[in-house]
Trainee: 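Below is a structure I'd like to ask you about.
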Amino acid sequence: MEQQPLQPNGQMHDYQENELSLRDYIMIVRIHMNKILLTVVTVLGFSVYYTYTVQPEYHATATVMIREKSGASMIMDFGGARQRNQIINEIQLIKSRAVAEAVVEELWQNGHKNNLHIFKSRVFKPRGQRPRRMLKEILTLGLYDPESGQAKSYSGDYTLEIGQKFAGRIQRNLDINNRRDTDILELSFKSPFPDEAKLVANTIAFVYMGLDKKWNSEQAGNLVDFLRSQVTVQSSKLAVAEEKLKTFKEKERIYDLTGNAPMVLERLVAAETKYYNTLAEINISNVQAEYLRSKLSEDEKTLAEQLMNDMNIQVNSLRIAIGEYESQLMKNKSQYGEDHAAVKDTRYKINALKDQLNDKTKTLIAQGVSVANPLEYRQGIITELLTIDAQKIGFESKGVEYKKLVNHYNGQLNELPGKQLDFARLERDHSVLALNYTFMRQKLEESKINVASEAGKVQIVDIALQPGNPARPVHSRNILLGLILGLGAGLGLAFLIEFLDNTVKTL
């Protein structure tokens with residue numbers, strides 16, 4: 001049997017590998033100190049080089065608040081879901097191509113087309129350009145073109161093609177965050193240049209605020225154009241009526257009416273004025289409804305029509321009852337005057353029925369629109385469209401009753417003698433046109449005020465400030481990480497070499 005080798009003291013032991021002690025670890029480190037230091041310096045150098053030559057990323061953030069607008073379009077609230085859906089819709093709108101193209105146009109026309117990275121007219125140049133260029137030429141065997149990375153220069157005016165070309169770069173570099181449980185959005189834009197990040201972030205905020213104001217004022221502006229044309233028409237008709245009345249008075253030398261003719265004419269003028277004013281309200285409703293329909297898709301238009309039909313069926317009995325009481329009210333007023341008990345009682349019943357109609361209409365609108373997917377349908381537009389339709393039907397019912405009253409007084413007026421009748425008709429036309437012209441002028445001025453005071457629902461809370469430090473790379477973190485990785489790699493290399501080395505170097 002073969003004996004184990006003797007130790008210096010002459011004793012035998014099992015030939016087993018002993019565990020390394022702390023002294024052994026220190027010895028290994030000291031033996032391979034040069035390799036460890038070389039590895040640390042190499043990794044740390046690469047980390048420093050990367051940190052100071054990689055293209056930085058600066059983030060600039062502008063803050064906007066989305067305010068809830070009051071009015072017909074805000075009738076229902078889906079238990080807070082409406083506000084959440086509105087915020088989601090606003091985020092999608094801000095990120096839309098339409099806004100991005102508007103931002104490109106704003107920057108391009110304001111003299112920034114040749115100094116922005118998003119237009120490729122400004123290029124980030126890291127340190128050490130000459131050795132980097134030499135290295136690229138060597139690695140590409142001389143095929144590298146130094147001119148390929150140069151900044152571009154533009155001389156032409158903005159076009160739609162330019163907006164479409166660079167809109168994607170705006171969208172990709174824009175991040176939007178909604179502060180929790182608030183209606184505040186943070187618009188953050190990233191760029192290799194801090195001043196550009198600030199400029200574009202603020203431009204996005206201001207452009208979107210302007211577009212929002214424009215979109216919200218389009219409806220009021222559309223109504224202003226319609227009313228302005230109607231005022232022009234009424235002014236022409238009034239001028240003709242005034243000339244006819246003046247010519248008749250001078251020719252026939254009749255300057256006033258006798259008997260009960262003035263009372264009949266006064267009532268006729270009042271009834272006919274209300275009738276034409278009601279027709280004007282119907283026309284205004286039609287213009288508003290047509291504008292809202294133009295903002296809906298075909299599916300949304302179908303949904304709105306279906307909801308209108310269902311709503312009209314369910315509230316039709318209330319409208320019929322209101323129409324009957326309106327007719328009764330007009331008759332009582334003509335017979336007994338404004339202060340009679342029968343008139344007051346009828347007016348009270350009409351107001352009570354109108355309250356029921358409004359409550360029923362709001363309930364049906366809320367129930368009808370809530371069945372639609374709030375992300376798929378623009379329930380605000382549909383709700384406003386339904387409300388306008390309900391108002392228009394009320395005007396139409398009132399117009400029918402006023403027309404009956406006008407016919408009644410016209411019958412009384414026709415009983416006057418020939419000359420008196422001609423004079424009364426001319427006087428009526430002039431008075432009705434004058435009152436109707438005044439009414440249209442009042443509506444026009446109200447619409448102008450609405451357009452001028454339209455502030456939109458977007459408000460800028462904080463403009464973006466120029467960032468001082470880049471979001472990436474973080475210099476201190478990268479250098480510390482390089483030092484840790486270099487030290488770890490050096491120690492690992494040292495122990496790997498020691499593990500693979502089976503030669504005898506010491507006792």
Side-chain angles (χ1 to χ4, degrees), residues 56-100 102-103 106 118 167-192 194-216 365-367 369-384 454-474 476-477:
E57 187 176 284
Y58 290 89
H59 291 188
T61 302
T63 306
V64 300
M65 180 174 66
I66 309 299
R67 298 177 296 185
E68 184 77 7
K69 296 194 67 177
S70 59
S73 61
M74 300 295 113
I75 287 178
M76 74 289 190
D77 186 4
F78 304 104
R82 178 175 183 81
Q83 183 181 8
R84 292 192 299 272
N85 295 332
Q86 182 189 7
I87 293 297
I88 294 174
N89 291 338
E90 293 299 326
I91 292 175
Q92 295 305 314
L93 283 173
I94 298 173
K95 287 185 174 182
S96 67
R97 175 166 289 274
V99 173
V103 171
E106 180 74 13
I118 57 172
R169 296 172 69 88
I170 297 289
Q171 292 172 301
R172 286 192 298 271
N173 291 289
L174 174 63
D175 292 319
I176 303 178
N177 178 52
N178 176 216
R179 290 185 185 175
R180 186 176 181 85
D181 298 327
T182 69
D183 54 0
I184 293 178
L185 298 178
E186 296 175 340
L187 315 183
S188 180
F189 192 82
K190 54 188 178 183
S191 171
D195 57 332
E196 179 173 337
K198 168 190 170 183
L199 172 66
V200 180
N202 287 329
T203 303
I204 293 172
F206 281 103
V207 164
Y208 183 65
M209 184 174 66
L211 287 176
D212 174 75
K213 183 177 180 180
K214 175 185 175 183
W215 293 334
N216 282 289
I365 289 174
Q367 292 176 349
V369 179
S370 63
V371 301
N373 183 347
L375 296 180
E376 183 177 356
Y377 296 104
R378 282 165 282 181
Q379 67 272 20
I381 295 179
I382 296 177
T383 302
E384 190 170 355
E454 181 61 65
K457 61 181 179 296
V458 178
Q459 176 181 345
I460 295 179
V461 179
D462 291 317
I463 62 172
L465 300 178
Q466 183 166 315
N469 297 314
R472 291 188 305 180
V474 180
S476 58
R477 184 186 63 188

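We count residues from 1, following the sequence as given.
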Trainee: Okay, side chain of N178, backbone of D183: is any donor-acceptor separation there less than 3.5 Å?
Mentor: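 Here the side-chain-to-backbone pair does not exist.
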Trainee: Please evaluate residues K95 and I176 with respect to the criterion side chain to side chain contact (heavy atoms under 4.5 Å, CB included), reporting the C-alpha separation (whole Å), side-chain torsions for both, the decisive distance (0.1 Å), and the verdict.
Mentor: CA-CA 8 Å; K95 287 185 174 182; I176 303 178; 3.6 Å; yes
Trainee: Taking all non-hydrogen atoms of both residues into account, name the closest pair between I170 and F189 and its distance.
Mentor: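 Between these two residues, the closest heavy atoms are O-CE1, 3.7 Å.
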Trainee: Carefully, step by step, assess L199 and D195 under the rule side chain to side chain contact (heavy atoms under 4.5 Å, CB included).
Mentor: CA-CA 6 Å; L199 172 66; D195 57 332; over 6 Å; no
Trainee: Would you find a donor on one side and an acceptor on the other, under 3.5 Å apart, between the side chain of D212 and the backbone of Y208?
Mentor: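 Here the side-chain-to-backbone pair does not exist.
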Trainee: Would you say F206 and I463 make side-chain contact, with heavy atoms under 4.5 Å?
Mentor: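 Yes, close enough: below the 4.5 Å cut-off.
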Trainee: Do you know which two heavy atoms are closest between Y58 and G468, and how far apart they sit?
Mentor: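 For Y58 and G468, the tightest heavy-atom pair comes out as CE2-O, 4.1 Å.
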Trainee: Within this structure, what is the OG-CD1 distance for the pair S96 and I91, rounded to the nearest 0.5 Å?
Mentor: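 The CD1 atom of I91 is 12.5 Å from OG of S96, to the nearest 0.5 Å.
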Trainee: Might you work through the side chain to side chain contact (heavy atoms under 4.5 Å, CB included) test for T61 and L187, ending with a clear yes or no?
Mentor: CA-CA 5 Å; T61 302; L187 315 183; 5.8 Å; no
Trainee: Check whether any side-chain heavy atom of I118 lies under 4.5 Å from a side-chain heavy atom of E196, and answer yes or no.
Mentor: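 When only atoms from C-beta onward are counted, E196 and I118 do touch, with a gap below 4.5 Å.
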Trainee: For N177 and E186, which I'm curious about, is there any donor-acceptor pair between the side chains at under 3.5 Å?
Mentor: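 Yes, side-chain donor-acceptor contact under 3.5 Å.
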Trainee: Specify the closest pair of heavy atoms between R97 and A167, including all atoms of both residues, with the distance to one decimal.
Mentor: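 Closest approach of R97 to A167, heavy atoms only: NH1-CB, 3.5 Å.
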Trainee: Go through the steps to decide whether I460 and T63 satisfy the test side chain to side chain contact (heavy atoms under 4.5 Å, CB included), and finish with yes or no.
Mentor: CA-CA 6 Å; I460 295 179; T63 306; over 6 Å; no
Trainee: Contact between M209 and Q459 at the side-chain level, heavy atoms closer than 4.5 Å - yes or no?
Mentor: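 No, every pair of side-chain atoms sits at 4.5 Å or beyond.
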Trainee: Could you check if a side-chain atom of L174 sits within less than 4.5 angstrom of a side-chain atom of V200, using non-hydrogen atoms only?
Mentor: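 A side-chain contact under 4.5 Å is absent here.
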Trainee: Give the minimum heavy-atom separation between A62 and A205, together with the two atoms involved.
Mentor: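 Distance-wise, the nearest heavy atoms are CB-CB, 4.1 Å.
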Trainee: For the residue pair V99 and L93, what are the closest heavy atoms and their distance?
Mentor: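 The pair with the smallest heavy-atom distance is CG2-O, 3.1 Å.
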Trainee: Might you point out which heavy atoms bring K198 and A464 nearest each other, and give the distance in Å?
Mentor: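 Heavy-atom minimum between the residues: CG-O, 3.5 Å.
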Trainee: Let me confirm one number: the CD1-CE distance from I184 to M65, rounded to the nearest 0.5 Å.
Mentor: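 Answer for the CD1-CE pair, I184 versus M65, is 6.5 Å.
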